[in-house]
Amino acid sequence: MSMNFAMPVAILLMVLAGASATAAQTLASPHPTVDPEVIARSDALADRFQQRLQTALRAAIAEQGLPGAVSVCSTLAPAIAAEESAASGARISRTAARSRNPAARVPRDVRKHYAALAAQPVEAGKPAVRVWRSGSGRSARITYLRAIPMMGQPCLSCHGPDIDPAVAARIAKLYPKDKATGFMPGELRGAMLVRWDAASIADGK
Ligand code: HEC
């Protein structure tokens, strides 16, 4: 790359960096520095993960009742996340400030974005989304974070303020450090976290 080409590129990158700082302050799309295709793929992946979790949860409640469904969830949710990650090349998981699974703790670099979702979990009738780019070269990464708002039933049975003793006992046994109760509909229960590393976002893949 010649010098007279490098200069405008450097300026363009500075402008884009400025645009990204602005985008990070508002919840609204679009996300000017992130390829819309990566956002679309993240959306689809988060939808699919959520769909599979909901189907598994519904089946578990129907077949085993709520206390049994707690146990089913505890093995199926991480297994589905691992499968979807392997199949997509992204790392998909759920994260929460007040989590049930201690592994779902919000990563340090995600906290301020999570706080923005907590302040406004729903936007224009849909779960709020934040997308940003960080790092460069081999440590470049795109992160997609989508709110999971607390809803009514069945969520309340396992995350609400008033939990049946049999369900509470099962939760306490599997998750002695559980922090994921006491939620009311409309609050932020957690978020879908999709992370694409440099290798998975190269070559427009
Ligand atoms: C049968 C009980 C049960 C029901 C009903 C239920 N959950 Fe959960 N939830 C769990 C368990 C158990 C985990 C921990 C799973 C794990 O170990 O990954 C969990 C984890 C989560 C997490 C991941 C973060 C964390 O705290 O570990 C979110 C987000 C979440 N639930 C949201 C919801 C929402 C929204 C609903 C309603 C659609 C719901 N849950 C219904 C039992 C339940």
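Indexing begins at 1, ligand by ligand and atom by atom, following the structure's order. FYI, the numbering just counts along the sequence from 1.
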Identity and separation of the nearest protein heavy atom to atom 37 (C) of ligand 1: C155 SG, 1.7 Å
Quick one: nearest non-hydrogen protein atom to atom 32 (C) of ligand 1, plus distance? R189 CG, 3.4 Å
Less than 4.0 Å between a side-chain N and a carboxylate O, is that true for D43 and R146? yes
Mind checking whether P78 has a heavy atom under 4.0 Å from ligand 1? yes
How far is atom 17 (O) of ligand 1 from the closest protein heavy atom, and which atom is that? Y175 OH, 2.6 Å
In this structure, atom 10 (C) of ligand 1 is nearest to the protein heavy atom R100 NH1, 3.6 Å
Taking the six-membered ring of W132 as reference, does the NZ or CZ atom of R141 fall below 6.0 Å from its centre and within a 45° cone about the axis? no
Starting from atom 39 (C) of ligand 1, what is the nearest protein heavy atom, named by residue and atom, and what distance separates them? H159 CD2, 3.5 Å
Indicate whether any N or O donor in one side chain lies under 3.5 Å from an N or O acceptor in the other, for S42 and W196. yes
May I ask you to check if R130 and Y144 form a cation-pi contact, with NZ or CZ under 6.0 angstrom from the six-membered ring centre and within 45° of the axis? no
Identify the protein heavy atom lying closest to atom 20 (C) of ligand 1, giving its residue, its atom name and the separation to 0.1 Å. R94 NH2, 3.5 Å
Any heavy atom of M150 sitting closer than 4.0 Å to ligand 1? no
Enumerated ligand 1 atoms positioned under 4.0 Å from heavy atoms of A69: 1 (C)
No-hydrogen, no-angle side-chain donor-acceptor test under 3.5 Å, S71 and R170: yes
